[in-house]
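This report concerns only the one structure given below.
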Amino acid sequence: MITLIDRATPTGAGSDTTQWHWSMLVGTLLLAICMRLPTFLGVPIFYDESVYLQRALVFPNAIGTTLTDGKLIQELVLALLVRLPGDPLLWGRALSLLAGLGVIATLWGLGRMLSQSMAGILAGLLYTVAPLAELHDGLALPDTLLTLAGCWVLVASLRLALLEHPRRRDAALAGGIVGVATLVKLPGLFLLSVPMLAVLIMKETTERRERLGYLRLVFIAALLFPALVAPFHYGGSESSKLGGDWLATRISNSMLVIDWLWRYLPFGLVLLPLTVLLIGYRRRTHTWRSIAWLLTSASVFVVIFIVIGNRLAPRYLLPAWPPFLLSIGIAANELWKLKSRWQYGLRWLVGFVMSAAFAWGVTFAGLMAYDPTSTPLAAADRWQYVESWTAGYPAAELLSTLRSQAKVHGAITVVTDDQPRLVGNVARIYLLYDPRVHLALVALPEQSAIPQIANFAATRPTYLLVDQQQRDAYQIGTRFPGARVVADLKNPNSDMRFYVYEIVP
């Protein structure tokens, strides 16, 4: 007979607060920093990063766009960081790195709340070597900060579920953190399922009426913060990521998510909590309920994207990783200690799956350090970060060319399209406060762009920045026959190019 170990008192205990546990936490955090440095230092600026940094540099001038984009808190913090000395990109990435370390520490704390300290340590280690986290904890994007907010939602939801006599403020706190997560990034609203599932799954003895009261308060508190910014069309631009042909898009989304889970989780780890749920189905212990809640919460977050999205990226799913990994940590710990005739087979399963996950994570980090282009990224990530116009591999040469021209001429005008593209954003980030450079936005597709740019060229040396797609679409060579190519900068990983044209008056 198989019996799952049950914790009758699942509150944070102090008996296992040993020096070893604290040493493991510190060691895990140091390991996480080392494994994220290849992305932090090696991957060039990416288009979305440039958008957030550019808005932060001119804050609050672009606050309307920030609100419409649905990423308020991320950009408020960035607005403070980019004013510090040094490269604004590294400050933006440092924010994500710190958020990732916060995720690891919170997983450790969640394990202690469940009287599963080893499970929290394992979950933190798994997050440390998770390829999706290794990649995105080193980029200046809001997804890791949202993941940290999601961890705090887990903490507040678990507290609500574990308190013998919770009060209204406990439910309001859980919902309120969901609302704050929504201000980090609009999909934070999907985390609303976490406290609701905690009340439904974890609170075994709560009466139906009391449960409904908690759920109502959670819902109201979660919607309070988004409601306050709704008049400013908060997150309105996210509507472009919804819809599509329903059946075809859902099938495509499902196939993409399966690939990302297999590539970045890895998917085999989920075998462990599923095994615990299977062998413990007749006795719904606290351990069984914890795993069921965590797996369901993570799965609901992923399924929502599958059902409503028409444009997905792997990083959108990152907030599902902590509950996935904590359920895996609990399951691995329980299966390893399980006393049954199958215990050696179960230990072999745990050892094999965990070792494979760690080996894959270390290999991924090594490939990122050696050559990011050789890393087995998902197709969407490879296209965005490595190959397309959104990848900033020629950015350093572009800036060097413009600075050298400014040094020669004393003052220059740099013209970019008024529709954001990375080639223009790079100039507007790094040359914004250069007194030798005048930055000008022009609607390049319009016929009025020709006399506008000619007027600039009549007063000082003028340079036009376009990428290859813009050059072809706007027929730069035909419409500006006197333009001279000063720099033809090729992305070493694809045929995409950045061009610097000198406009001859």
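Just so we're clear, the structure is a prediction, and the values are computed from it rather than from any experiment.
Put simply, the side chain of His438 does not reach to within 4.5 Å of the side chain of Ile412, judged on heavy atoms. Proximity of Asn493 to Arg382: side-chain heavy atoms (C-beta onward) are nowhere separated by under 4.5 Å. Within the 4.5 Å cutoff, side-chain heavy atoms of Leu431 are placed close to those of Arg403. No side-chain heavy atom of Thr65 sits less than 4.5 Å from a side-chain heavy atom of Val51. By the 4.5 Å heavy-atom criterion applied to side chains, Phe324 and Leu294 are not counted as neighbours. Looking only at side-chain heavy atoms (C-beta outward), Leu272 and Met354 come within less than 4.5 Å of each other. Counting only heavy atoms from C-beta outward, the side chains of Leu464 and Val500 never approach each other to under 4.5 Å. Counting only heavy atoms from C-beta outward, the side chains of Glu446 and Gln452 never approach each other to under 4.5 Å.
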If you apply the rule side-chain contact (heavy atoms from CB on, under 4.5 Å), what do you find for Phe498 with Asp488, and how did you get there?
CA-CA 6 Å; Phe498 288 176; Asp488 177 355; over 6 Å; no
Could you walk me through whether Val415 and Phe456 pass the side-chain contact (heavy atoms from CB on, under 4.5 Å) test, one step at a time?
CA-CA 9 Å; Val415 178; Phe456 291 134; 4.0 Å; yes
Would you please test Glu502 and Arg484 for salt bridge (Lys or Arg N to Asp or Glu O under 4.0 Å) and show each step?
CA-CA 5 Å; Glu502 182 179 11; Arg484 181 176 67 89; 2.3 Å; yes
Test log, rule side-chain contact (heavy atoms from CB on, under 4.5 Å), inputs Tyr393 and Thr373:
CA-CA 11 Å; Tyr393 280 89; Thr373 62; 4.2 Å; yes
Start with the C-alpha gap between Arg315 and Asp48, add the side-chain angles, then the distance that decides, and say whether salt bridge (Lys or Arg N to Asp or Glu O under 4.0 Å) holds.
CA-CA 12 Å; Arg315 64 180 183 272; Asp48 284 22; 2.8 Å; yes
Evaluate the side-chain contact (heavy atoms from CB on, under 4.5 Å) criterion for residues Met368 and Val43: first the C-alpha distance (whole Å), next the side-chain angles of each, then the deciding distance (0.1 Å), finally the verdict.
CA-CA 9 Å; Met368 286 295 297; Val43 175; 3.7 Å; yes
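The structure places CG of Leu29 at 10.0 Å from CH2 of Trp108, a figure rounded to the nearest 0.5 Å. Between the CZ atom in Arg460 and the OG1 atom in Thr413 there is a gap of 4.5 Å [rounded to 0.5 Å]. Note that CZ of Phe480 is 5.0 Å distant from CD1 of Ile450, once rounded to the nearest 0.5 Å. Within the model, atoms SG of Cys151 and CD1 of Ile177 stand 11.5 Å from one another, a figure rounded to the nearest 0.5 Å. Remark: Leu183 CG to Leu72 CG distance equals 6.0 Å, nearest 0.5 Å. Here CG of Leu98 is found 10.5 Å from CG of Leu145. Values are rounded to the nearest 0.5 Å.
Remark: side-chain polar atoms of Asp381 are not paired, donor with acceptor, to backbone N or O of Leu377 under 3.5 angstrom. Counting only distance, with no hydrogens or angles, the side chain of Thr249 and the backbone of Asp245 share a donor-acceptor pair below 3.5 Å. The backbone N or O of Gln384 sits less than 3.5 Å from a side-chain atom of Thr390, completing a donor-acceptor pair. Not one N or O on the side chain of Ser193 forms a donor-acceptor pair closer than 3.5 Å with the backbone of Val300. Using a distance-only test at 3.5 Å, with no hydrogens or angles considered, a donor-acceptor pair links the side chain of Trp360 to the main chain of Arg263. In this structure a side-chain-to-backbone donor-acceptor pair under 3.5 Å is missing from Arg471 to Ile476. A donor-acceptor pair is defined here as one N or O able to donate and one able to accept, closer than 3.5 Å; such a pair exists between the side chain of Thr182 and the backbone of Val178. Using modelled atom types, one side-chain atom of Arg83 and one backbone atom of Ala79 make a donor-acceptor pair closer than 3.5 Å. Checking side-chain atoms of Thr462 against main-chain N and O of Ala457 turns up a donor-acceptor pair under 3.5 Å. In terms of modelled atom types and a separation under 3.5 Å, the side chain of Arg93 and the main chain of Phe40 share a donor-acceptor contact.
Relative ring orientation between His409 and Tyr463 is described as tilted, the plane-to-plane angle lying within the 30° to 60° band.
Pro445 approaches Asp417 most closely through the heavy-atom pair CD-OD1, 4.0 Å. Nearest heavy atom pair, residue Phe225 against residue Gly176, reads CE1-O, 3.7 Å. The nearest pair of heavy atoms linking Pro226 to Ala222 is CD-O, 3.2 Å. Of all non-hydrogen atoms in Val362 and Met35, the two that sit nearest each other are CA-CE, 3.8 Å. Closest approach of Ala181 and Leu191 over heavy atoms only: CB-CD1, 3.9 Å. The two residues Ser50 and Asn425 have their closest heavy-atom pair at OG-ND2, 3.0 Å.
No side-chain donor from either of Tyr264 and Asp259 sits under 3.5 Å from a side-chain acceptor of the other. The closest side-chain donor-acceptor pair between Ser96 and Asp137, if any, does not fall under 3.5 angstrom. If you check the side chains of Tyr234 and Asp69, you find no donor sitting under 3.5 Å from an acceptor. With no hydrogens or angles considered, a side-chain donor-acceptor pair links Arg428 and Thr416 at under 3.5 Å.
Annotation for Asp495: atom CG does not count as buried by contact number, only 12 or fewer foreign heavy atoms lying within 6.0 Å. The number of heavy-atom neighbours closer than 6.0 Å to CZ of Phe59, taken from other residues, nucleotides and ligands shown, is above 12. By the 6.0 Å contact criterion, CZ on Phe358 is enclosed, its count of non-hydrogen atoms from other residues, nucleotides or ligands being greater than 12.
Salt-bridge formation is not detected for the pair Asp467/Arg497: no Lys NZ or Arg NE/NH1/NH2 atom is positioned less than 4.0 Å from an Asp or Glu carboxylate oxygen. Salt bridge annotation for Lys490-Glu397: absent, with no cationic side-chain nitrogen under 4.0 angstrom from a carboxylate oxygen. Salt-bridge annotation for Arg55 and Glu75: present, with a side-chain N of the basic residue lying under 4.0 Å from a carboxylate O of the acidic one. In summary, Lys71 and Asp143 do not engage in a salt bridge, as defined by a charged side-chain N under 4.0 Å from a carboxylate O.
Taking the centre of each ring, Phe190 and Phe305 come in below the 6.0 Å mark. Between Trp389 and Tyr47, the distance from one ring center to the other falls under 6.0 angstrom. Aromatic ring centres of Tyr385 and His136: separated by under 6.0 Å.
For the pairing with Ile328, the side-chain contact (heavy atoms from CB on, under 4.5 Å) check across Leu274, Leu269, Leu295 returns one residue only, Leu269.
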